[in-house]
Protein chains: 2
Amino acid sequence: MKRRPSTITDIAKALNVSASTVSRALHDSPSISQETKDAVIALAKQLNYQPNMLAVSLLNKKTKTIGVIVPEITSYFFATVISGVQDMVEEANYKLIICQSNESFEEEKKLIETLSLGRVDGFLISPSSKTTNFEHLEKLRASGNPVVVFDRDCPNFEADKVLVDDYDGAFQAVDYLVKTGCQRIAHITGPKNLTTCQHRKAGYLDALKKNGRTVNPDYITEVEGFTSEDGEEAAKKLLDLDTPPDAIFAINDAVAIGAMAVIREKGIHIPEEISLVGFDDEPYSKYFKPSLTSVWQPVYDLGMLSSRILMNHILNDLEDYNYRYELLKPELIIRNSSRPLP
Amino acid sequence: MKRRPSTITDIAKALNVSASTVSRALHDSPSISQETKDAVIALAKQLNYQPNMLAVSLLNKKTKTIGVIVPEITSYFFATVISGVQDMVEEANYKLIICQSNESFEEEKKLIETLSLGRVDGFLISPSSKTTNFEHLEKLRASGNPVVVFDRDCPNFEADKVLVDDYDGAFQAVDYLVKTGCQRIAHITGPKNLTTCQHRKAGYLDALKKNGRTVNPDYITEVEGFTSEDGEEAAKKLLDLDTPPDAIFAINDAVAIGAMAVIREKGIHIPEEISLVGFDDEPYSKYFKPSLTSVWQPVYDLGMLSSRILMNHILNDLEDYNYRYELLKPELIIRNSSRPLP
DNA sequence: CTGTTAGCGCCTTCAC
DNA sequence: GTGAAGGCGCTAACAG
C-alpha cells in the first residue's frame with residue numbers, strides 16, 4: 001500500500017537518460033530538446049512524480065517556509081494577524097508553519113528550537129505572557145535567522161518590531177470616558193510582563209493625569225488571563241468597593257464582556273451608571289447588549305506588515321541593517337456601553 | 001552575519017574523528033568512549049550545533065510532521081480542534097503544520113499539494129465548503145498518505161472519519177423547541193455542500209415530522225457563510241414573512257447572534273415571542289442577552305481522537321485496514337434564548 | 001571503539 | 001543536447 005514515491009532517477013532509468021537530463025527537462029531548461037522534455041513530462045505525470053522538497057531544501061539551504069509563533073491561535077486577534085501574514089507570504093510563494101505557545105515560556109522555547117531545526121527561513125514571533133528572558137531569541141538571531149517581533153514587544157531584544165500603539169489606544173479610550181463625565185474610572189489590566197498591558201495601563205494613567213484626575217489604586221485590578229471568566233472576577237472585585245467605579249476600561253473585549261455580565265447581574269445599568277470599554281473590537285462585540293465600545297486595532301495590517309518586513313529580510317540579504325520599529329494606530333469605536341460625548 | 005550553521009562534519013574535522021563517530025556520540029551510542037562523547041558534546045555546544053532535520057528526514061523518509069487543513073483558523077470550532085490535535089501529537093513528538101483553505105477549493109488543493117511535496121507524514125483534513133470533488137484526496141491516499149477527515153464528511157471518499165452527530169444535535173434542539181410549545185420553527189441552514197449542514201437540516205426536518213408537524217419550506221432559509229452578518233440577513237427574511245416563525249434554529253452561534261440582533265431591533269421578545277437556538281456553544285454565547293441556547297460539540301475530543309487515529313496509522317503500518325467512522329455526541333445546552341420545558 | 005562507504009533525492013558544475 | 005561527478009547533512013552497514 002505504502003508505495004515509494006517516484007523520483008527523478010526512476011524517470012531517468014525508464015527513459016534511458018540521465019537524472020540531470022530529467023531535472024533539466026522538468027525545469028524547462030532551454031538546453032533540452034523538445035522531444036526529451038515531452039517524454040519526461042509525460043512520464044512524470046504518469047508516475048505521479050512529485051519533487052521532494054526535502055532534498056531541494058537541503059541543497060538550497062532554503063525551505064521557503066516561515067515559522068509563526070503566537071501565544072494562542074484561538075483568539076480573534078492572532079487568528080486575524082495570521083490571515084494577513086498568509087496573504088502576504090503567499091505572494092512570495094512561501095509557506096507558513098503556525099504554532100501556538102499556549103502562553104507558556106517552555107513551549108515557546110521548544111517551538112523555536114523545533115522550527116530552527118526544521119530550517120525555516122524566518123520567524124514571526126509574538127512572545128508568551130510568561131516570557132521575560134529573551135536569550136532564546138538572541139540565540140536565534142545570532143545564528144543568522146531573520147526574526148520579526150509583532151504585537152508584544154520584547155524589551156532589550158533588538159529586532160524588527162511591528163506593534164500597535166497601545167498607549168494611544170488606551171489614552172483615547174480613557175480620555176473619552178473622562179469627557180463623557182465619568183468620575184471614577186477603573187482599569188482591568190492584564191499580565192504585567194506584557195508590554196501591551198503595560199502600555200495600555202500607562203495610557204490609562206496618563207489620560208487621567210492629563211485631565212487633572214487623581215489615580216485611585218483601588219480602581220486598578222489585574223487579571224491573569226484574557227478570558228471572560230477573568231473579567232467576571234475582576235469586575236466583582238471592583239463593584240464590591242465601597243465606592244465602586246462609574247467606568248471600567250478593560251484590557252480586552254473578552255474581559256469586558258465578563259465584566260458586563262457581572263454588572264448586569266447586579267442590576268446596574270450600562271452606560272447610565274457605569275460605562276464599559278474594551279480593546280480589540282472583536283466581531284461579536286457589536287452584538288452584545290449593550291453593544292461594546294472598544295478600541296479597534298489594524299490586525300490584518302499588522303500581519304501584512306510584519307511579514308512584509310520579514311520577507312524583505314529573507315529575500316534581500318541586508319547588510320548593516322537598522323531594525324525597523326513600526327507602531328500602528330488603533331482607533332476608538334464608540335458604541336452603547338459608554339455614554340455619548342456631551 | 002548570516003553564518004553557515006555548523007554541521008557534524010565541522011565537529012568531526014575539528015576533533016580529527018570521522019563524521020559517523022560524531023553522529024554516534026551525539027546519539028549517545030554505547031559503542032563510543034566517554035572521552036570522545038564528552039569532547040564531541042562539548043564542541044557541539046560550543047559551535048551551537050543543531051542537527052539538520054531536512055537531512056534526517058530525507059534519509060528516514062519521515063518528517064515527524066503532520067499537516068492539518070482547516071477551512072478557517074479564526075473560528076472557535078477549528079481553533080479548538082487544533083488544540084486537541086496539538087496536545088495529542090506532542091506526546092508522540094510530532095510537529096504540526098496548520099493551514100487554512102479559507103473555504104476555497106483551489107486553496108485546499110494547493111495546500112495539499114504543498115504539504116505533500118514537503119513530505120508530511122499524514123494529513124488531517126476538514127474540507128472547504130466548496131469542495132465537492134475529492135480527487136485530490138483520492139490521489140493523496142493513493143500515493144500512500146494516511147488521511148483522516150474530520151468534522152465535515154467527504155461523501156464517496158473512503159478514509160478514516162471523525163465526525164460529530166450533527167443530525168442528533170439538531171434533532172435534540174428542534175425536538176426541545178417543539179416540546180416548549182413553539183409552533184412555527186424555522187431553520188437557518190448553511191452551505192448545501194457541507195454534510196454538517198445537510199445533517200443538521202435532516203435532524204430539523206425529522207424532529208418536526210416525528211412530532212407530527214408539517215414542514216413549511218418558507219421557514220427554511222440558507223446562508224452562504226457562517227458570519228453574524230449572514231445571520232442578520234436570514235433573520236430579516238424570516239421576520240418579514242406574513243406569519244413569522246416563533247422559533248429559529250440557526251446553523252451556528254455566529255448566525256444565531258446576528259439573528260438575535262435583528263429580532264431585538266424589531267422589538268420582538270426572546271424567548272417569549274420567539275425562541276432562538278444556535279450550534280457550537282461558543283465561549284461568548286452564554287454572555288449574550290439573553291444567553292444563547294446552543295448545541296455543544298466535543299470539539300477538543302474531536303481533535304484528540306482524529307489525531308490519535310492518524311498517529312496510529314503513521315506509527316503502525318497497518319495492512320488491510322478497515323477505515324474507522326467515529327460519530328461524537330453533541331449535547332443541547334439550554335439557556336435563556338429559549339423557553340423552559342413545561 | 002572507530003573509520004569507510006554508500007546513499008537518501010536533487011541540482012550544478014564541468015565535460016563531451 | 002546530454003552525461004558524469006560531486007555534494008547538501010546525516011546515518012546505517014560493514015569493516016576493522
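Letters A, B, ... mirror the listed sequences (proteins, then strands); counts begin at 1.
Using a 4.0 Å heavy-atom criterion, one finds that B:Ser20 contacts the bases of the nucleic acid, with or without backbone contacts as well. Here B:Asn16 lies in heavy-atom contact (under 4.0 Å) with sugar-phosphate atoms only. Nucleic acid contact class of A:Ile8 (heavy atoms, under 4.0 Å, all strands): sugar-phosphate only.
A:Leu54 has its CG atom 10 Å from the C1' atom of C:dC8, to the nearest Å. Rounded to whole Å, the distance from CE on B:Met53 to C1' on C:dC8 is 15 Å. Whole-Å rounding puts the B:Lys13 NZ to C:dG3 P distance at 15 Å. We find that CZ of A:Arg24 is positioned 11 Å from P of C:dC11, with the value rounded to whole Å. Regarding B:Leu15, its CG atom lies at a distance of 11 Å from the P atom of C:dT2, rounded to whole Å. When the P atom of C:dT2 is taken as reference, atom CD1 of B:Ile11 falls 15 Å away, rounded to whole Å. We find that CG of B:Leu59 is positioned 15 Å from P of C:dC10, with the value rounded to whole Å. Between the CZ atom of A:Arg4 and the C1' atom of C:dC8 there is a distance of 11 Å, given to the nearest Å.
The shortest distance between side-chain heavy atoms of A:Glu72 and A:Asn102 falls below 4.5 Å. Side-chain contact between A:His136 and A:Glu113 is absent, with no heavy atoms from C-beta onward closer than 4.5 Å. Side chains of A:Arg152 and A:Ser129 form a contact here, defined as non-hydrogen atoms less than 4.5 Å apart.
Checking the phosphate oxygens (OP1, OP2) of C:dG9, a side-chain nitrogen or oxygen of B:Lys61 falls inside 4.0 Å. Dashed line: the shortest gap from a side-chain N or O of B:Thr21 to OP1 or OP2 of C:dG3 is under 4.0 Å. Between B:Ser18 and C:dT2, a side-chain N or O to OP1/OP2 separation shorter than 4.0 Å is absent.
Residues B:Arg119 and B:Val17 both approach DNA chain C. Their nearest nucleotides, taken by heavy-atom distance, put B:Val17 toward the 5′ side.
A heavy-atom distance below 4.0 Å to DNA chain D is reached by these residues of residues 27-49 of chain A, ordered by number: A:Ser31, A:Ile32, A:Ser33, A:Thr36.
Side-chain atoms of B:Glu107 and B:Ser128 form no donor-acceptor pair, as typed in the model, at a separation below 3.5 Å.
For the residue pair B:Thr132 and B:Phe134, the shortest heavy atom distance occurs at O-CE1, 3.6 Å. Shown here for B:Ala159 and B:Val149, the closest heavy-atom pair between the two residues is CB-CG2, 4.4 Å.
Applying side-chain contact (heavy atoms from CB on, under 4.5 Å) to B:Ile66 and the options B:Ile97, B:Leu310, B:Val148 leaves one that passes, B:Leu310.
Protein chain B touches strand DNA chain D; the 5'-most and 3'-most nucleotides with an atom under 4.0 angstrom of its non-hydrogen atoms are D:dG9 to D:dA13.
Other residues, nucleotides and ligands place no more than 12 heavy atoms under 6.0 Å from the CG atom of A:Asn156. Crowding of B:Lys139 atom NZ: a count of heavy atoms from other residues, nucleotides or ligands under 6.0 Å not exceeding 12.
Here the OG atom belonging to B:Ser57 is positioned 8.0 Å from the CG atom belonging to B:Asp121, to the nearest 0.5 angstrom.
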